[in-house]
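Have a look at the structure below, then the notes.
Quick note: numbers below take in every heavy atom, side chains included, and nothing from hydrogens, waters or symmetry partners.
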Protein chains: 2
Amino acid sequence: MQEVARVAGVSISTVSRILNGTARVSREKRQAVQDAIAQLNFEPNRLAQSLKRGRTMTVGVLTQDIGSSYFNETLQGVDKALANTGYAPLIVSGHWDTQDESDRIRLLIARRVDGIIILYGTLEPEQILAYTEQVPIVVTGRRIEAERACAIDLDHEAAGYAATRHLLDLNHRRIAHIKGPEEHRDAVQRFAGYRRALSEAGVDYDQRLVVNGDFREPSGLLAVMELLRRGVSFTAIFAANDQMAYGARLALYRHNIRIPEDISLIGFDDLPSSSYTTPPLTTMRQPLFDMGQTAAESLLSIIDQKRVESMRVKAELVVRETTRRLT
Amino acid sequence: MQEVARVAGVSISTVSRILNGTARVSREKRQAVQDAIAQLNFEPNRLAQSLKRGRTMTVGVLTQDIGSSYFNETLQGVDKALANTGYAPLIVSGHWDTQDESDRIRLLIARRVDGIIILYGTLEPEQILAYTEQVPIVVTGRRIEAERACAIDLDHEAAGYAATRHLLDLNHRRIAHIKGPEEHRDAVQRFAGYRRALSEAGVDYDQRLVVNGDFREPSGLLAVMELLRRGVSFTAIFAANDQMAYGARLALYRHNIRIPEDISLIGFDDLPSSSYTTPPLTTMRQPLFDMGQTAAESLLSIIDQKRVESMRVKAELVVRETTRRLT
DNA sequence: CTGTTAGCGCATTCAA
DNA sequence: TTGAATGCGCTAACAG
């Protein structure tokens with residue numbers, strides 16, 4: 001900036017004023033400065049600006065896996081909401097590791113982001129509450145009560161219930177479930193919904209119909225193989241997420257079991273690719289994009305000193321072609 | 001830091017020294033400072049550090065679409081390479097828009113990132129060359145010659161050739177091609193490879209077998225519908241990327257055309273989900289993860305004042321179950 | 001071993 | 001309208 005000022009023959013405060021439109025400046029000087037800026041290819045140093053202003057115009061986003069469509073759809077929503085606001089996202093990944101997650105959050109705080117969005121993950125609410133002291137936070141996938149924080153959550157129990165209910169409504173009674181990991185609270189809630197639906201419908205819970213998975217494709221494949229090995233009969237499968245449903249679908253294909261003629265299959269999430277499996281997958285749609293967008297908007301409001309309510313969104317049943325009525 | 005120094009009863013330089021291990025400090029003072037840090041929940045301001053040191057320990061990554069697995073696999077590679085180096089990625093998206101891309105790059109420069117990785121996109125090499133004056137750059141998907149820059153590229157023409165060649169080797173002669181967008185240089189190169197393979201094999205080029213797509217699923221579906229509408233006969237399809245292959249696969253399914261019994265299908269990219277389509281997709285594998293990793297490593301080397309050579313990687317044919325020999 | 005001091009690049013208050 | 005001066009939080013001489 002020194003340099004620009006020198007070339008334009010003005011003081012650096014004048015340059016600053018022109019850059020920010022903070023005050024009126026004479027035409028000639030303005031022109032001179034703009035010429036100097038163009039000539040020197042000058043770009044104001046945001047670090048210094050932030051240091052001075054006390055705002056970085058950056059929001060940190062803690063994701064768990066940059067490779068997963070699940071997270072990335074949410075990120076897209078965040079990106080959309082941030083566009084044209086002057087804020088830029090600083091995306092970091094916790095890799096589903098509590099230690100890693102804390103480290104990343106601390107990094108974000110050290111970089112003085114103006115706010116943080118935490119997408120799921122394994123951090124305890126108390127832990128997050130503590131960070132709330134230092135920076136506004138919006139979380140998804142859990143509830144939280146604090147001054148400068150809010151949560152956007154989905155009722156996974158109800159959604160698990162709805163998925164199972166759909167199968168029940170189609171006259172299925174022998175419904176297998178491929179569970180998500182024990183440590184995911186969402187997964188256990190979906191499972192709880194499954195059991196409640198069963199019990200309400202007067203269907204006995206059969207433990208042999210439930211197999212553990214880890215939310216990834218291979219585990220879905222393995223789960224179906226296990227089910228087949230057990231020799232237990234079933235007419236439908238509820239997979240706790242779409243990725244495992246893909247794996248299950250492949251295992252079924254390998255055994256020449258047709259979908260939906262022989263077995264009905266329902267997933268959870270509605271990933272973009274789920275409309276393009278063959279046949280297209282029936283699933284519980286999570287409004288991931290919207291949640292990301294809302295999270296970002298809420299965060300900006302909090303930063304803006306406005307009060308924001310936590311909210312709960314709903315999953316929606318998307319009936320496509322992998323479920324069929326039993327006659 | 002003032003505060004920490006005051007609480008610990010030392011000067012701020014001592015605090016700094018302890019934070020950075022720059023010099024030996026007596027046990028008592030060290031202890032006092034560490035206590036103060038813990039007590040105040042102090043986290044050094046990275047902005048100020050960067051401003052002072054002239055390094056932000058941040059590398060900018062220009063991607064085009066945070067929602068796409070294609071880019072995200074590359075990002076994962078970058079993330080992996082950056083882990084434990086002290087560098088953090090600042091990911092921004094250009095949304096396939098030249099203006100947007102320039103804006104993002106300028107933003108990254110304004111934020112004084114130590115280097116930039118540009119993943120594909122529509123920026124002209126000359127344009128990038130200009131930015132090279134201001135910051136080290138590694139690009140993928142194009143070639144570039146500059147002091148503090150390097151490129152990691154893949155020979156898409158050769159890969160398009162190999163894909164077509166595979167079909168030819170399986171005795172297919174009527175091979176349709178679903179093209180990528182004209183403005184993607186990769187797409188036109190893959191198409192060029194397709195034509196070369198055909199011509200080398202003495203197969204006449206038939207324009208009616210080629211349909212335009214936009215690299216996304218729906219266009220693959222539409223492409224097959226168009227092919228069918230044209231009433232032109234074909235026994236195999238080479239889709240310019242996996243996503244369009246998914247769309248094509250669904251269209252075929254709708255028309256009760258079996259894969260690979262009736263039609264062979266080959267994609268391009270080998271996205272993670274391609275092992276889980278039914279049947280699993282034969283495709284040209286791009287080492288996306290590795291490319292991301294290499295890009296990041298190269299960038300760090302350049303930042304480290306080392307000379308780095310541009311390099312060319314190769315796509316690899318992954319034969320799965322959607323292609324079959326014609327007898 | 002430790003404290004004092006001079007900037008890093010910018011925004012802004014205070015004078016002029 | 002404009003310029004000089006101050007400080008944002010930190011590091012790195014420099015001097016003790």
Check your understanding: With sequence neighbours left out, what residues match B:E43 under side-chain hydrogen bond (donor to acceptor under 3.5 Å, both in side chains)?
Key -> A:R106
Review point. Will you find, in the side chains of B:Q31 and B:D35, an N or O donor that is under 3.5 Å from an N or O acceptor?
Key: yes
Check your understanding: Are any of the side-chain nitrogens in A:R104 or A:E101 under 4.0 Å away from the carboxylate oxygens of its partner?
Key -> no
Exercise for review: Heavy atoms of chain A, cut-off under 4.0 Å: which first and last nucleotide of DNA chain C, 5' to 3', fall inside that, if you could look?
Suggested key: C:dG9 to C:dT13
Review point. What nucleic acid atoms does A:M1 come within less than 4.0 Å of, heavy atoms only: base, sugar-phosphate, or nothing?
Key: sugar-phosphate
Check your understanding: Mind checking what makes ring-ring contact (aromatic ring centres under 6.0 Å, His included) contact with B:Y70, not counting sequence neighbours?
Key -> B:Y120
Check your understanding: With sequence neighbours excluded, what pairs up with B:Y87 under the ring-ring contact (aromatic ring centres under 6.0 Å, His included) test?
Key -> none
Point to revise | Heavy-atom neighbours of A:E183 CD exceed 12 at 6.0 Å | key: yes
**Study point:** Ionic contact status for A:E124 with A:R142, cut-off 4.0 Å
**Key:** no
Review point. For A:S13, which contact category applies under a 4.0 Å heavy-atom criterion: base, sugar-phosphate, or nothing?
Key: base
Review point. Should the heavy atoms of other residues, nucleotides or ligands under 6.0 Å from CD of B:E145 be counted, would the total exceed 12?
Key: no
Check your understanding: Taking the inter-plane angle between the rings of B:W96 and B:F71 on a 0 to 90° scale, is it parallel (under 30°), tilted (30 to 60°) or perpendicular (over 60°)?
Key -> perpendicular
**Study point:** Those residues of residues 47-54 of chain A lying under 4.0 Å from DNA chain C by at least one heavy atom
**Key:** A:A48, A:Q49, A:K52, A:R53
Review point. Under 3.5 Å, side chain of B:S93 to main-chain N/O of B:Q64, donor-acceptor pair present?
Key: yes
Review point. Closest nucleotide of DNA chain D for A:E28 versus for A:I12: which of these residues is on the 5' side?
Key: A:E28
Review point. Does atom CZ of B:R30 have more than 12 heavy-atom neighbours, drawn from other residues, nucleotides or ligands, at distances under 6.0 Å?
Key: yes
Practice item. Would you indicate what A:S16 reaches in the nucleic acid, counting non-hydrogen atoms under 4.0 angstrom: base, sugar-phosphate, or nothing? Key: base
Point to revise | B:V10 or B:R112, whichever maps to the more 5' nucleotide of DNA chain C | key: B:V10
Exercise for review: Please list, in 5' to 3' order, the outermost nucleotides of DNA chain D lying under 4.0 Å from any heavy atom of chain B.
Suggested key: D:dG9 to D:dA13
